[in-house]
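Quick note on labels: first sequence line is chain A, next is B, and so on, each numbered from 1.
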There are 4 protein chains.
Amino acid sequence: MNKREVQASVKDERLVQKRRDQMIKGAVALFKQKGFHRTTTREIAKAAGFSIGTLYEYIRTKEDVLYLVCDSIYDHVSERLQQDLALKKGTLDSLKLGIANFFQVMDEMQAEVLVMYQEVKSLSKDALPYVLKKEMEMVGMFENLLSRCVENGELHLSKKQVAMIAHNIFVQGQMWGFRRWALRKLFTLEEYIELQTELLLSGISAEVSATGTVPKSE
Amino acid sequence: MNKREVQASVKDERLVQKRRDQMIKGAVALFKQKGFHRTTTREIAKAAGFSIGTLYEYIRTKEDVLYLVCDSIYDHVSERLQQDLALKKGTLDSLKLGIANFFQVMDEMQAEVLVMYQEVKSLSKDALPYVLKKEMEMVGMFENLLSRCVENGELHLSKKQVAMIAHNIFVQGQMWGFRRWALRKLFTLEEYIELQTELLLSGISAEVSATGTVPKSE
Amino acid sequence: MNKREVQASVKDERLVQKRRDQMIKGAVALFKQKGFHRTTTREIAKAAGFSIGTLYEYIRTKEDVLYLVCDSIYDHVSERLQQDLALKKGTLDSLKLGIANFFQVMDEMQAEVLVMYQEVKSLSKDALPYVLKKEMEMVGMFENLLSRCVENGELHLSKKQVAMIAHNIFVQGQMWGFRRWALRKLFTLEEYIELQTELLLSGISAEVSATGTVPKSE
Amino acid sequence: MNKREVQASVKDERLVQKRRDQMIKGAVALFKQKGFHRTTTREIAKAAGFSIGTLYEYIRTKEDVLYLVCDSIYDHVSERLQQDLALKKGTLDSLKLGIANFFQVMDEMQAEVLVMYQEVKSLSKDALPYVLKKEMEMVGMFENLLSRCVENGELHLSKKQVAMIAHNIFVQGQMWGFRRWALRKLFTLEEYIELQTELLLSGISAEVSATGTVPKSE
DNA sequence: CATGAATGAGCCTTCATTCAT
DNA sequence: GATGAATGAAGGCTCATTCAT
């Protein structure tokens with residue numbers, strides 16, 4: 001199965017979705033502020049705009065909230081990326097665009113990503129795989145982009161290199177979110193995107209590569 | 001000040017160090033398994049080999065344990081790296097060696113790094129800066145290595161590029177620790193080191209010089 | 001403000017009052033038996049007839065219970081006295097009646113008064129003033145009674161004498177409560193009231209007028 | 001027996017006395033500040049100038065400290081009074097002097113008296129009688145003074161009146177200590193002594209004493 | 001469906017007391 | 001005799017979860 005169902009006592013599917021959206025929105029704000037463990041179910045209910053009793057009509061345990069939050073975040077990010085990338089053909093330019101878009105999404109959803117990033121480990125062994133699977137899918141999207149460039153002959157990379165780079169891109173995206181305390185002092189988002197793309201494509205040492213066309217920026 | 005002192009009731013400094021080492025060792029194992037919040041102080045005491053009362057002779061609050069753990073990890077990693085790197089001159093080879101060493105340490109201290117990585121955010125506003133400072137120092141070590149290569153003329157990099165790359169190396173090191181669930185399926189440590197070094201130095205495509213055509217975010 | 005509000009999580013004011021009444025009743029019995037410090041919150045909850053969790057729905061800290069107890073005792077005593085005294089005109093007879101009533105209340109509420117008397121000092125600096133204020137009000141009631149007798153010409157007393165006597169009456173009332181281990185062996189309540197009133201009004205020796213030959217300390 | 005023995009592991013009687021004096025002195029200061037229950041044995045040991053281990057060489061339980069403190073206070077007060085009163089003959093003047101002296105002692109030993117007064121109830125059922133007995137002895141001293149005045153024909157009082165007045169004097173003495181928060185605003189010690197003595201001897205209204213409606217019990 | 005009062009397991013921390021050195 | 005590290009029972013308080021209304 002692709003989703004881990006979170007049981008609700010309420011039948012009306014539309015209502016369930018509505019309530020859960022309220023819940024997720026409130027929870028993200030709280031988790032961001034104090035983390036999952038320091039947030040109480042009462043606080044979540046209040047932030048969501050209903051009572052603790054009602055909260056438990058739509059979830060079974062507190063952990064369900066975390067799962068719902070993580071799930072929702074991945075869905076949003078995933079969706080955002082798929083929109084942008086799905087159509088593109090496998091050119092280097094579309095890869096660059098893909099990376100730039102991803103970093104941009106990471107910037108926009110900074111709060112959510114940070115939350116998810118710090119709290120996934122709190123998911124039970126039960127829910128974790130579903131979330132990890134989502135992550136693999138996203139890495140897979142970059143693998144796809146890269147592979148198509150390889151197929152096109154625009155890049156020459158081994159399978160392993162493709163996998164490695166996809167991971168690197170993904171982690172660098174997250175890095176912009178969870179290391180912003182350090183990075184923001186050094187770069188704007190635009191600079192970050194440009195620098196990372198540049199480094200990714202050309203490497204740091206001209207002598208080592210064949211061409212030596214490393215730009216002396218600044 | 002460079003350290004945030006954790007108060008102990010016991011006077012004998014040697015004993016304090018010994019007990020805290022026991023404590024940290026036990027705590028790391030537990031935190032790795034269930035995280036900071038799900039670990040109880042009693043469990044920590046037990047894992048350390050003494051009673052809950054004794055635990056509190058060496059710390060003031062549960063959070064002190066976390067701080068001690070984080071502090072100790074950074075110290076160990078830092079020390080390990082300094083040993084390896086301090087003597088080297090600023091050649092490309094010493095850079096490669098530095099990276100390889102760092103990744104290796106990250107592999108050896110995988111458990112600790114994972115823990116620290118996931119739990120720093122649980123540190124109070126009081127202790128966090130001390131830990132973050134340590135992290136900056138470690139990034140600084142790579143900046144140093146890189147700068148020396150630039151001075152030597154072995155690399156041609158701007159200040160910002162140096163900073164960016166240092167961060168990338170650092171995060172890739174951590175990545176080996178906290179994404180091992182994915183990476184281990186694909187690479188051995190040796191492959192990981194080799195691949196990342198290669199990518200770092202040569203970029204993914206010699207043919208593509210940095211055109212500066214990176215899409216500007218809206 | 002006249003009251004220090006004790007925060008409750010439960011909204012229903014009627015319920016709050018009911019539960020707190022249960023709580024106070026149970027707490028008085030326990031405090032009387034073992035004192036505030038030796039009584040646990042769990043015991044209070046049990047004596048009140050609900051769980052520890054419920055107890056904390058109606059208070060914030062254990063000290064709140066003590067404050068509630070003290071506050072309630074003063075309220076009861078105060079109310080009892082005001083009923084009896086408010087209407088009376090300022091005659092000697094009404095003074096005598098006031099004293100007798102007060103001593104009687106002290107006898108009836110012996111347990112409560114004892115508790116309050118022994119435990120006020122455990123109140124935090126925060127709550128103490130509110131309780132002390134209540135005590136001053138009660139002393140004030142006797143000052144009032146006395147003053148009216150003075151105005152009526154039934155007594156000839158200076159301001160300071162009025163204040164002193166009011167204090168004496170008040171303390172003698174409490175004395176019946178907290179020294180009963182000694183007094184009960186010597187007097188019945190009726191005898192106590194009669195003797196104290198008599199001594200108050202006539203002095204111990206008519207022959208000896210106030211000579212002012214009291215030895216001046218140093 | 002007149003004393004409840006507090007067991008000590010140390011044999012040297014002189015040392016035991018010395019250590020206990022240190023202990024009592026430190027404890028009184030602490031109890032005064034924070035009460036018996038909020039004072040830890042460690043604090044007592046520290047205030048006494050030795051280690052917790054040493055403390056327990058001279059007592060068996062924390063309560064022993066309280067008993068020692070109470071016992072010592074009574075001894076001091078008792079001794080002070082006996083010195084002053086023992087020699088006097090039973091005249092009204094010596095009564096007045098006795099009262100004045102007592103109030104003065106209560107003022108000087110205010111801290112100690114306050115402590116004892118608030119903490120006796122914390123004594124176990126085992127130790128309480130010994131302390132209460134001391135208190136009765138002190139009340140007895142005033143009964144004595146009064147009785148001798150009666151024998152001398154300087155006062156005309158029944159047995160019960162004598163007992164009552166002795167209690168009143170005693171409580172008024174304590175009152176100066178434990179109600180000073182209120183009394184100090186109104187009176188100096190000298191005024192207090194003078195006023196109380198005056199009221200005691202003459203009653204509040206000589207005119208009233210004429211009515212004879214006061215039952216001469218016994 | 002919604003509410004919120006009730007529950008109690010469980011957590012962090014303190015502190016009186018012991019005992020090996 | 002003195003010391004202080006070790007112990008663990010016990011206390012105050014929180015909070016996820018339930019259920020009657």
Side-chain angles (χ1 to χ4, degrees), chain A residues 8-12 15-16 19 37-46 49-65, chain B residues 8-12 15-16 18-19 37-45 49-65, chain C residues 8-12 15-16 19 37-46 49-65, chain D residues 8-12 15-16 19 37-46 49-65:
Chain A
S9 307
V10 174
K11 305 294 170 190
D12 182 344
L15 189 54
V16 169
R19 291 279 183 255
H37 281 105
R38 293 203 218 272
T39 301
T40 66
T41 50
R42 274 170 160 82
E43 287 170 325
I44 295 171
K46 192 173 181 185
F50 38 71
S51 72
I52 181 67
T54 301
L55 182 73
Y56 273 86
E57 293 286 317
Y58 297 93
I59 54 162
R60 271 250 217 283
T61 71
K62 185 186 176 190
E63 211 213 86
D64 282 346
V65 181
Chain B
S9 304
V10 173
K11 299 293 166 61
D12 183 342
L15 190 55
V16 169
K18 181 183 156 197
R19 292 279 180 259
H37 282 105
R38 292 204 218 271
T39 301
T40 67
T41 51
R42 271 175 175 75
E43 288 172 324
I44 296 171
F50 37 69
S51 72
I52 181 67
T54 300
L55 180 73
Y56 275 88
E57 292 281 312
Y58 297 92
I59 53 162
R60 272 248 252 270
T61 68
K62 187 188 175 189
E63 210 213 89
D64 281 347
V65 180
Chain C
S9 303
V10 173
K11 301 294 167 60
D12 184 344
L15 189 55
V16 170
R19 292 279 180 260
H37 282 105
R38 291 204 219 269
T39 301
T40 67
T41 52
R42 273 173 176 78
E43 287 170 326
I44 295 171
K46 193 173 180 183
F50 36 69
S51 72
I52 181 66
T54 300
L55 180 74
Y56 275 89
E57 292 280 312
Y58 296 93
I59 53 162
R60 272 245 252 270
T61 68
K62 186 186 175 190
E63 212 213 87
D64 281 346
V65 180
Chain D
S9 306
V10 174
K11 305 294 172 191
D12 182 343
L15 189 55
V16 169
R19 291 279 183 255
H37 281 105
R38 293 202 218 272
T39 301
T40 66
T41 51
R42 275 171 160 80
E43 287 171 325
I44 296 171
K46 191 173 182 184
F50 37 71
S51 73
I52 181 67
T54 301
L55 181 73
Y56 273 86
E57 294 285 316
Y58 297 93
I59 54 162
R60 271 249 218 283
T61 71
K62 185 186 175 189
E63 213 211 84
D64 282 347
V65 180

Find which nucleotide of DNA chain E each of A:Arg19 and C:Asp12 is nearest to by heavy atoms, and output the residue with the more 5' nucleotide. A:Arg19
Could you work out which one of E:dT7, F:dA6, E:dT13 sits closest to the side chain of B:Thr41? E:dT13
Roughly how many Å is it from NE2 in B:His37 to C1' in E:dC12, rounded to a whole number? 13 Å
Mind checking D:Thr61 for me? I need base, sugar-phosphate or nothing, with any heavy atom below 4.0 Å counting as a touch. sugar-phosphate
Distance in angstrom units between A:Lys62 NZ and F:dT14 P, rounded: 15 Å
Can you tell me how far P of E:dG4 sits from CD1 of A:Ile52, to the nearest Å? 11 Å
Measuring from atom NZ of C:Lys46 to atom CD1 of C:Ile44, what distance do you get when rounded to the nearest 0.5 angstrom? 13.5 Å
Verdict with supporting geometry, B:Tyr58 and B:Leu15, side chain to side chain contact (heavy atoms under 4.5 Å, CB included): CA-CA 10 Å; B:Tyr58 297 92; B:Leu15 190 55; 3.5 Å; yes
For A:Ser9, which contact category applies under a 4.0 Å heavy-atom criterion: base, sugar-phosphate, or nothing? nothing
CG of B:Leu15 versus P of F:dT3: gap in Å, rounded? 18 Å
B:Arg38 atom CZ is separated from E:dA9 atom P, nearest whole Å, by 20 Å
Find the distance C:Arg60:CZ to F:dC15:P and express it as a whole number of Å. 12 Å
Distance check, rounded to the nearest 0.5 Å: A:Leu55 atom CG versus A:Arg42 atom CZ? 11.0 Å
Polar pair under 3.5 Å, donor/acceptor by atom type, side chain C:Arg42, base E:dG10: yes
Within the structure shown, what part of the strands sits under 4.0 Å from A:Ser51 by heavy-atom distance: base, sugar-phosphate, or nothing? base
Approximate separation, where rounding is to 0.5 Å, of D:Arg60 CZ and D:Asp64 CG: 8.5 Å
Just the rounded figure in Å: distance from P of E:dA6 to NZ of C:Lys11. 14 Å
According to the Watson-Crick and G-U wobble definitions, with both distances under 3.5 Å, which nucleotide is paired to F:dA20? E:dT3
Does C:Thr54 make a side-chain N or O approach to OP1 or OP2 of E:dA6 shorter than 4.0 Å? no
Whole-Å distance separating the CG atom of A:Leu55 from the C1' atom of E:dG4: 13 Å
Looking only at heavy atoms, the pair that brings B:His37 and B:Lys62 closest together is O-NZ, 3.7 Å
Taking for each residue the nucleotide of DNA chain E with the nearest heavy atom, is it C:Tyr58 or D:Tyr56 whose nucleotide lies nearer the 5' end? C:Tyr58
Touch class at under 4.0 angstrom, heavy-atom based, for C:Lys46 against every strand present: nothing
